[in-house]
Amino acid sequence: MSAKKRATFGGRISAVLVSAGSAIGLGNIWRFPYLAGENGGAAFLLFYVLAILLIGLPLMLAEFSVGTATRSSAVAAYRKLGKRWSIVGYIGVLTAVIILGFYLVVAGWTAEYTVASLTGELMAQPNAEAHAAAFQNFISHPWRPLLYAVLFALATHLIIALGVQKGIERSSKVMMPLLLLFMVVLAIRSCTLDGGMEGLRFFLMPDLTKVSASTILAAVGQAFFSLSIGLGTMVVYASYFAPKTDLQRTAVEVSILDTLVAVLAGLVIFPAVFSAGIEPGSGPSLVFITLPSIFSKMAFGGVWATIFFLLLVLAALTSTISMHESFTAYLVDDWKLKRKTAAYLTTGVAIVLSVVASLSLGDWSGVKLFGMTIFDAMDYITANIMLPAGALLACLFVGWRMDKQLVTEQLYPETHPNKWVMGYLRLMWRVGSPLLLVLIFLDSLGFI
Ligand code: TRP
């Protein structure tokens, strides 16, 4: 598609909204708390925030620059700027569709929980143990979670196929503030539960003696996952930004919003975890056991639960759309498929992957990859290996290979470049991020 014909979003606010829509999702509310719970709470939070500031922000700007400079989807964008670097794009689109696969499963759980809240089934469970048992029953059911995952894939497909960007933009404007408001109310309720203080301490007072390389790797992987960076999603989104969009402000605002939602999720989850005597290292089930326990202690709990899970469904939807779009845009730009055909193909692949991921938590739980269920392996390998690898290459590319002037023009389309900011970014792209990533990698593999 030529640069002139390519659709663009409305303006800077839209750029922030759609990027934040991609970033804010189950990564913040489901994945972040479960990883923090498994990795020492506050120590994990600390490294997560450091990873966002030191590596995440510069990387997001790198991806934005590639996107606005080429106005192409990931593979084509890297190819345009440096032939052999299209590998960065390939890693990205492949990772996007694998993440989409297991993400749809969790998105399906939120949809099921919305329905269960509405019917009153969820609130009927007497305590945390009952919630845990109900969750286990649900995810291992032979077909119900599959049905919800497939429905979620179809909802994503519909939006992608209709190209209702305006609808997404507009609903993000209402949904995100509402989600934030809800999280604040829930955090207050949770922190005032009996025994909640213990949870706050767990989440906010780091115990650095327990930090290991795998904690840091998990925090870095989560930072990328949460910001939707490391695999070219933000390249694709930036390719739709209006000309002269202020990339720096956009990246800073998206990162702040995204981190805010994750921290709020921690403030909601951990006090309730300790108050109800739930094990913080319960893994992917953590949020689905804890949240219902909070709602059941609130007046009109069922109503709160319904609205909250519905907001979660919408937050997940704006994220599945971005992953779907990464792969669809690749098929359109590179395989020259019609947008409709490309979308069908992506949805098909995603459904197959999500069915496998979901079954691996039930009937196929005996099948192990590297000692993990297929679901856990998809989650672990994408976030802890593929995202950091994509991130490493993207930083090296923008730092060393991409034309310096072209990068500067993307970041400062109208004003004089700030040489301190550019100097810092270039340092992080060229040596800072690659060095940190390699060290963390080697350390977690036991080489240091
Ligand atoms: N960031 C989203 C979340 O936190 C998930 C996501 C959407 C994503 N697009 C992505 C993760 C691209 C990595 C790469 O829920």
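Nothing fancy with the numbering, it's 1 onward along the sequence. Atoms within each ligand, like the ligands themselves, are counted from 1 in listed order.
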Would you check if there is a donor-acceptor pair between the side chains of Thr346 and Thr328 at a distance under 3.5 Å? yes
For Ile229, is at least one N or O under 3.5 Å away from an N or O on ligand 1? no
Quick one: does Leu26 get an N or O within less than 3.5 Å of an N or O on ligand 1? yes
Please confirm whether the backbone N or O of Ala315 pairs with a side-chain atom of Thr318, one donor and one acceptor, at under 3.5 Å? yes
Taking N or O atoms only and a 3.5 Å limit, does Phe225 qualify as a polar contact for ligand 1? yes
Measure the acute angle between the ring planes of Tyr48 and Phe44, then classify it against the limits of 30° and 60° as parallel, tilted or perpendicular. parallel
Side-chain (Thr110) to main-chain (Ala107) donor-acceptor, under 3.5 angstrom: yes
Please indicate whether Lys210 has more than 12 foreign heavy atoms, meaning atoms of other residues, nucleotides or ligands, lying under 6.0 Å from its NZ. no
Have a look at ligand 1 and work out which part of Leu231, if any, has a heavy atom under 4.0 Å from it: side chain, backbone, both or neither. side chain
Considering only heavy atoms of Gly27, which atoms of ligand 1 have at least one such atom less than 4.0 Å away? 3 (C), 4 (O), 15 (O)
heavy-atom search around atom 12 (C) of ligand 1 in the protein gives Thr233 OG1, 3.1 Å
Using distance alone, with no hydrogens and no angle criterion, decide if Ser22 and Ser228 have a side-chain donor and acceptor under 3.5 Å apart. yes
So, is Ile99 polar-close to ligand 1, with some N/O to N/O distance under 3.5 Å? no
Take every heavy atom of Ser322, measure it against each atom of ligand 1, and state whether any distance is under 4.0 Å. yes
Among non-hydrogen protein atoms, atom 2 (C) of ligand 1 lies closest to Ser22 O, 3.2 Å
Please state whether Trp30 comes within less than 4.0 angstrom of ligand 1, counting heavy atoms only. no
Just to confirm my output: which protein heavy-atom neighbour is closest to atom 10 (C) of ligand 1, and how far is it? Ser228 OG, 3.4 Å
List for me each residue that meets side-chain contact (heavy atoms from CB on, under 4.5 Å) alongside Glu279, sequence neighbours excluded, and say none if there are none. Ser282
Is the distance from the ring center of Tyr380 to that of Phe370 below 6.0 Å? no
Could you go step by step and tell me if Tyr344 and His157 meet the ring-ring contact (aromatic ring centres under 6.0 Å, His included) rule? CA-CA 7 Å; Tyr344 272 118; His157 179 90; 4.6 Å; yes
Nearest non-hydrogen contact to atom 3 (C) of ligand 1 from the set Ala107, Gly221, Ser226, Ala23 belongs to Ala23
Identify which of Tyr237, Phe32, Tyr103, Phe224 has a heavy atom lying nearest to atom 5 (C) of ligand 1. Tyr103
